[in-house]
Amino acid sequence: MKSYVFPGNIEDSILQIGGKPFPYMRTAQFSELVKDSERMLLHLINCPEGRVIFYTASGTGAMDAVVTNYVSQCEKAFILVGGSFGHRWKNLCDYYHCPNEIFEVPFARDIDYAQLEERVRTSRPDVFLCQHHETSTGQLYDMEKISAICKKYEVSLVVDAISSFLSDTLDMSGWGIDICITSSQKGLNIAPGLSFLFLSPRVLQKIFSHKSYYFDFEENLKNLERGQTPYSPATTLFLQLHARLQSDMKIGVDNIIASVRAKALYFRELCKQNNWEVPAEVPSNCITGFFVRKNGDILFKELLKQEIFIMPGGTPNYFRVSHLGVQTNEDLDDLARRIKEIENR
């Protein structure tokens, strides 16, 4: 089996942790593991004085937590919508009756940042919600420019970095991000089931709303002081997380990103050779989204028969390949060959 989705192919050393006995979570041993994991996560995202709330939940769970605890007390949210995950911010705000305004970006296009600034200037929102990388299209947004706009108009910045963390440069402190979100199955490349909510020192000074029982910030932060979560965590995933973080700290953020980028550039050259269009104007290193010329209606199922997983893109003939996890140039050559064979049938 070959996985070009989320997560990608995982090292045996990480997978084998899932088959080992695991400790009871209400122990000093597990508390130290949680505290050490928080320390390493904060280092990797460059927010050493912040805190990390650990949720046994998907990334959408962490987005829900942001809206219920933080956005719900704002007068207006400004939402960048460049694909399905931007729409998720919008859907969450509407569900919880949070006033909001959207700024739409066409499929796989970059932002008109001058136009964006003008909209923020006239809208005067309290909080700006966006993706760093819109995973549905492969488009990477310029967080330095977005950050500068938010700082200029004193708008709190919340970033979904679920698919950019450890794929693209991400500087939470340097960019003045108040809240950042990621999850276990993307850059960390372990099984789905954990999400991480990074809180900056500035936002930690605020009083949060209490509109969610499970996701309540205050309750989770209180338990974090003793290295615990309020409710039963996915213990085995925490063990895999800790092992992954130890490895990532040794490798270093820059080297991890460089490796992902090299795989992305290699596959995009294969796309060019096969006349597969890559539509993103500024593609993330995390994935390559591309259009095949024909037989897109059978490609996904035919690859499944060969135990190869890629991601459909929700648009005819459009597919996405992740560059996370264990992946060699030979793997990508083989994938391109198989796609081409199906395309030419």
Side-chain angles (χ1 to χ4, degrees), residues 1-45 52-62 135 162-163 165-167 181-197 214 220 223-224 226-253 255-256 259-260 263 286-287 303-311 321-328 330-332 334-335:
M1 185 190 81
K2 289 290 184 181
S3 177
Y4 301 95
V5 296
F6 304 123
N9 299 295
I10 303 174
E11 301 90 332
D12 286 342
S13 59
I14 298 290
L15 290 173
Q16 288 168 5
I17 294 171
K20 294 179 179 179
F22 51 87
Y24 179 50
M25 64 276 198
R26 305 306 186 202
T27 61
Q29 176 190 5
F30 191 75
S31 291
E32 287 307 310
L33 182 144
V34 172
K35 290 179 180 180
D36 197 37
S37 295
E38 181 186 24
R39 176 189 63 81
M40 291 187 284
L41 282 165
L42 289 169
H43 174 83
L44 292 169
I45 205 168
V52 181
I53 295 177
F54 298 81
Y55 292 122
T56 294
S58 68
T60 300
T135 322
I162 289 172
S163 60
F165 180 57
L166 300 178
S167 297
I181 297 167
T182 191
S183 59
S184 55
Q185 78 276 17
K186 300 275 196 319
L188 292 164
N189 203 55
I190 61 174
L194 295 178
S195 58
F196 314 99
L197 203 150
Y214 183 81
N220 277 272
N223 280 268
L224 191 60
R226 59 190 182 98
Q228 290 287 326
T229 58
Y231 316 107
S232 298
T235 313
T236 298
L237 287 181
F238 270 85
L239 298 178
Q240 292 177 318
L241 169 69
H242 190 254
R244 171 67 72 208
L245 290 171
Q246 288 179 316
S247 173
D248 286 350
M249 291 288 285
K250 290 177 183 176
I251 297 169
V253 175
N255 290 330
I256 293 168
S259 174
V260 178
K263 291 180 281 188
C286 177
I287 68 164
L303 286 175
L304 281 182
K305 293 177 183 177
Q306 301 174 40
E307 295 190 317
I308 293 175
F309 302 98
I310 66 171
M311 296 173 280
V321 166
S322 164
H323 301 297
L324 306 178
V326 179
Q327 184 180 102
T328 66
E330 290 75 20
D331 291 331
L332 294 170
D334 179 69
L335 175 63

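Scope of the values below: all heavy atoms of this structure, side chains included, with no hydrogens, waters or symmetry mates. Remember, it's a predicted structure, so these values are computed and weren't measured experimentally.
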Quick one: do R39 and E32 make a salt bridge, cutoff under 4.0 Å?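 Salt bridge: no.
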Identify the two heavy atoms, one from [X] and one from [Y], that lie closest to each other, and give their separation to 0.1 Å.
X	Y	answer
G59	I162	CA-CD1, 3.6 Å
L239	P23	CD1-CD, 3.8 Å
S184	A191	OG-O, 2.7 Å
V260	L166	CG2-O, 3.9 Å
S232	M25	OG-CE, 3.4 Å

Pair L197-V52, side chain to side chain contact (heavy atoms under 4.5 Å, CB included): steps then yes or no: CA-CA 5 Å; L197 203 150; V52 181; over 6 Å; no
Answer yes or no: is there a side-chain heavy-atom contact under 4.5 Å between [X] and [Y]?
X	Y	answer
L245	L44	yes
P7	K186	no
N223	T229	no
C286	F6	yes
H43	M249	yes
F196	L41	yes
V5	S322	no
K2	D331	yes

First locate atom [atom1] of [X], then atom [atom2] of [Y], and finally report the distance between them rounded to the nearest 0.5 Å.
X	Y	atom1	atom2	result
S167	H323	OG	NE2	10.0 Å
L335	L303	CG	CG	6.5 Å
I53	I181	CD1	CD1	10.5 Å
S259	I251	OG	CD1	8.0 Å
R244	M40	CZ	CE	12.0 Å
Q16	E11	CD	CD	11.0 Å

Does the gap between the ring centers of F309 and Y4 come in under 6.0 Å?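 No, the ring centres sit 6.0 Å or more apart.
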Compute the ring centroids of F30 and Y24, then answer whether they are less than 6.0 Å apart.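 No - the distance between ring centres of F30 and Y24 does not fall below the 6.0 Å cut-off.
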May I ask you to decide if [Y]'s main-chain N or O and [X]'s side chain share a donor-acceptor pair within less than 3.5 Å?
X	Y	result
K263	G325	yes
N9	V326	yes
S37	L33	yes
T56	A234	yes

By the definition side chain to side chain contact (heavy atoms under 4.5 Å, CB included), identify the one residue from L224, L237, L194 that meets it with F54.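 Of the listed residues L224, L237, L194, the side chain to side chain contact (heavy atoms under 4.5 Å, CB included) partner of F54 is L224.
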May I have the step-by-step check of side chain to side chain contact (heavy atoms under 4.5 Å, CB included) for I190 and Q185, ending in yes or no? CA-CA 5 Å; I190 61 174; Q185 78 276 17; over 6 Å; no
Between T135 and S163, is a side chain to side chain donor-acceptor pair (under 3.5 Å) present by the stated rule, with each step listed? CA-CA 7 Å; T135 322; S163 60; 2.7 Å; yes
D248 vs I256, side chain to side chain contact (heavy atoms under 4.5 Å, CB included): CA-CA, chis, key distance, verdict: CA-CA 7 Å; D248 286 350; I256 293 168; 3.6 Å; yes
Run the side chain to side chain contact (heavy atoms under 4.5 Å, CB included) test on L241 and L188 for me, step by step, so that the C-alpha distance in whole Å, both residues' side-chain angles and the decisive distance to 0.1 Å come before the verdict. CA-CA 8 Å; L241 169 69; L188 292 164; 3.8 Å; yes
Residue pair T27, Q29: steps toward the side chain to side chain donor-acceptor pair (under 3.5 Å) verdict: CA-CA 5 Å; T27 61; Q29 176 190 5; 4.7 Å; no
